[in-house]
**Q** 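Here it is, the structure, as structure tokens.
Sequence positions, counted from 1, serve as the residue numbers for this chain.
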Amino acid sequence: MSSHGELLSCKLRQVEAHRAIESQSPNDADIPRTDANSVESANSEIDLPQSVPHVRPLWPHVREGYGFRLPSGVSTPLSGGGTDTGSPLPDPNGLGWPAKSTVTRLNATPQERAACEKRMASAVRTILECIGEDPDREGLLRTPERYAQAILWMTRGYEERLADVINDAVFAEDHDEMVLVRDIDISSLCEHHLVPFTGKVAIAYIPNQLVLGLSKLARIAETFSRRLQVQERLTKQIAIAVQEAIKPRGVAVVMEAT
């Protein structure tokens, strides 16, 4: 089995080959092209520029713009703001792929947060009753409140803005070799069953005049993992966030989780 580093190196070499072929003149169009997506791996994502005429426009670099929302807006609707142009524009709150109530949670007052915890605790008490337990016995008296606080902590990524996570740790650097950070520990909750899963993430990119602080790669992974997730979407969100932050020549993310 190939290591994370070998797999990422292979994918990024394909990105380079793909870009080199695209830069050739029209007279070279009959030369067989290398498909940059021919090598695929479970739970991995690459953010690749599309061939003309479907090339993604290079949006202006703005501090509020780290992270994308879905173009359709169907599964990640936004509160207020903007018309859907079909392009992966950053969401106006800088959250990166916000869910329906993400902005509400981000802007909640202490009173609203306390009321939310109370509703969650009441729901947990109902669950305890439905599974045949006695929520009034000593060992379970404070379990609903504890669980409500724990689930808010385990999903704290909904309250983190990517602009604050990156915190301007973007630096101009004339470096054109692959940057790789391996064995980033992540812990998340499966959105299908609300049970935890853990794993390791490897993130690699080829700079394009800009580099990102190495610790920020781990922070980006943590921000998205601290939400309800599936592995496929998690790797994609990390890759797109890195792409939006520094516009590298190529970015790849590989994840192994259990």
Side-chain angles (χ1 to χ4, degrees), residues 1 41-45 67-70 72-80 91 93 95-162 164-165 183-202 218-238 240-241 253-258:
M1 177 182 294
S41 175
N43 305 326
S44 65
E45 283 290 339
F68 291 147
R69 63 176 174 85
L70 286 176
S72 67
V74 174
S75 60
T76 57
L78 296 175
S79 298
D91 72 87
N93 296 284
L95 291 163
W97 296 54
K100 183 176 181 180
S101 301
T102 304
V103 176
T104 301
R105 176 174 174 180
L106 177 70
N107 298 322
T109 64
Q111 294 78 11
E112 290 171 337
R113 184 181 178 91
C116 180
E117 286 188 24
K118 187 175 181 179
R119 292 197 305 272
M120 293 172 64
S122 177
V124 174
R125 181 182 175 89
T126 300
I127 292 174
L128 292 175
E129 292 174 343
C130 290
I131 65 174
E133 263 292 356
D134 176 12
D136 292 321
R137 70 178 176 86
E138 182 180 3
L140 295 177
L141 274 177
R142 295 192 58 198
T143 295
E145 290 77 13
R146 293 191 189 101
Y147 183 81
Q149 294 169 4
I151 198 70
L152 286 173
W153 184 85
M154 288 186 286
T155 59
R156 64 187 184 275
Y158 288 116
E159 300 179 17
E160 295 180 344
R161 299 172 69 254
L162 288 168
D164 297 330
V165 169
D183 297 331
I184 301 172
D185 292 314
I186 61 98
S187 179
S188 189
L189 289 176
C190 168
E191 67 176 31
H192 300 133
H193 303 94
L194 296 185
V195 295
F197 66 89
T198 60
K200 293 184 180 294
V201 174
R219 286 292 311 280
I220 290 172
E222 182 183 19
T223 293
F224 284 114
S225 67
R226 289 300 182 180
R227 303 180 182 187
L228 301 185
Q229 281 289 4
V230 294
Q231 294 182 47
E232 293 81 1
R233 185 172 68 242
L234 176 54
T235 55
K236 184 172 186 177
Q237 289 175 338
I238 295 170
I240 291 178
V253 180
V254 174
M255 176 179 176
E256 292 182 357
T258 56

**Q** Side chain to side chain contact (heavy atoms under 4.5 Å, CB included) between Leu152 and Glu117: does it pass, once the steps are laid out?
**A** CA-CA 9 Å; Leu152 286 173; Glu117 286 188 24; 3.4 Å; yes
**Q** Within the structure provided, determine whether Pro144 and Leu128 are in side-chain contact (heavy-atom separation under 4.5 Å).
**A** yes
**Q** Drop me the distance from Met154's CE to Tyr147's OH, to the nearest 0.5 angstrom.
**A** 5.5 Å
**Q** Can you tell me how far the OG1 atom of Thr143 sits from the CD atom of Glu133, to the nearest 0.5 Å?
**A**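 Atom-to-atom, Thr143:OG1 and Glu133:CD are 9.0 Å apart.
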**Q** Kindly give the heavy-atom pair with the smallest separation between Leu234 and Ser225, and that separation in Å.
**A**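 Of all heavy-atom pairs spanning Leu234 and Ser225, the closest is CD1-N, 3.7 Å.
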**Q** Roughly how far, to the nearest 0.5 Å, is the CD atom of Glu256 from the NZ atom of Lys200?
**A** 10.0 Å
**Q** Please tell me if the side chains of Cys190 and Leu194 come closer than 4.5 Å, counting only heavy atoms from C-beta onward.
**A**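 The answer is no, as the side chains (C-beta and beyond) never meet within the 4.5 Å cut-off.
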**Q** Measuring only between side-chain heavy atoms, which start at C-beta, is Leu140 closer than 4.5 Å to Asp134?
**A**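 Leu140 vs Asp134: side chains apart.
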**Q** What distance do Ile186 atom CD1 and Phe224 atom CZ have between them, rounded to the nearest 0.5 Å?
**A**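 Answer for the CD1-CZ pair, Ile186 versus Phe224, is 13.5 Å.
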**Q** Between Lys236 and Glu232, does any NZ, NE, NH1 or NH2 come within less than 4.0 Å of an OD or OE carboxylate oxygen?
**A** no
**Q** Would you say Gln229 and Gln237 are linked by a side-chain donor-acceptor pair, where the criterion is simply a distance under 3.5 Å?
**A**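 Short answer, yes.
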**Q** Nearest heavy-atom pair of Glu159 and Leu106: which atoms, and what distance?
**A** O-CD1, 3.5 Å
**Q** Please report the closest heavy-atom contact between Val201 and Met255, naming both atoms and the distance.
**A** CG2-CG, 3.9 Å
**Q** Let me see the working for Arg105 and Glu112 under salt bridge (charged side-chain N to carboxylate O under 4.0 Å, His left out), right down to the final yes or no.
**A** CA-CA 9 Å; Arg105 176 174 174 180; Glu112 290 171 337; over 6 Å; no
**Q** Glu145 versus Val124: any side-chain heavy-atom pair under 4.5 Å?
**A** no
**Q** I'd like to know if Arg227 and Glu222 make a salt bridge, using a cut-off of under 4.0 Å between side-chain N and carboxylate O.
**A** no
**Q** Is the shortest side-chain heavy-atom distance between Pro135 and Glu129 below 4.5 Å?
**A**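 Yes, close enough: below the 4.5 Å cut-off.
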**Q** Could you check whether Arg219 pairs with Asp164 (Lys NZ or Arg NE/NH1/NH2 to Asp/Glu carboxylate O, under 4.0 Å)?
**A** no
**Q** Mind checking whether Met120 and Gln149 have side chains closer than 4.5 Å, heavy atoms only?
**A**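 Met120 vs Gln149: side chains apart.
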**Q** Flag the pair Leu189 / Val195 as yes when at least one side-chain heavy-atom distance between them is below 4.5 Å, and no otherwise.
**A** no
**Q** Has Tyr158 got a side-chain atom pairing as donor or acceptor with Ser101's backbone, closer than 3.5 angstrom?
**A** no
**Q** For residues Ala148 and Ala121, report the shortest heavy-atom separation together with the two atoms involved.
**A**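 Where Ala148 meets Ala121 most closely, the heavy atoms are CB-N, 4.1 Å.
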**Q** Nearest 0.5 Å, what's the CD1-CD distance between Ile220 and Glu160?
**A**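 Ile220 CD1 to Glu160 CD: 11.5 Å, rounded to 0.5 Å.
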**Q** Could you tell me if the side chain of Thr235 sits less than 4.5 Å from the side chain of Val254, heavy atoms only?
**A**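 No, their side chains stay 4.5 Å or more apart.
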**Q** What's the verdict on side chain to side chain contact (heavy atoms under 4.5 Å, CB included) for Asp185 and Thr198, showing C-alpha distance, side-chain angles and the deciding distance?
**A** CA-CA 8 Å; Asp185 292 314; Thr198 60; over 6 Å; no
**Q** What is the distance from atom CD1 of Ile238 to atom OG1 of Thr223, rounded to the nearest 0.5 Å?
**A**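 Those atoms lie 9.5 Å apart.
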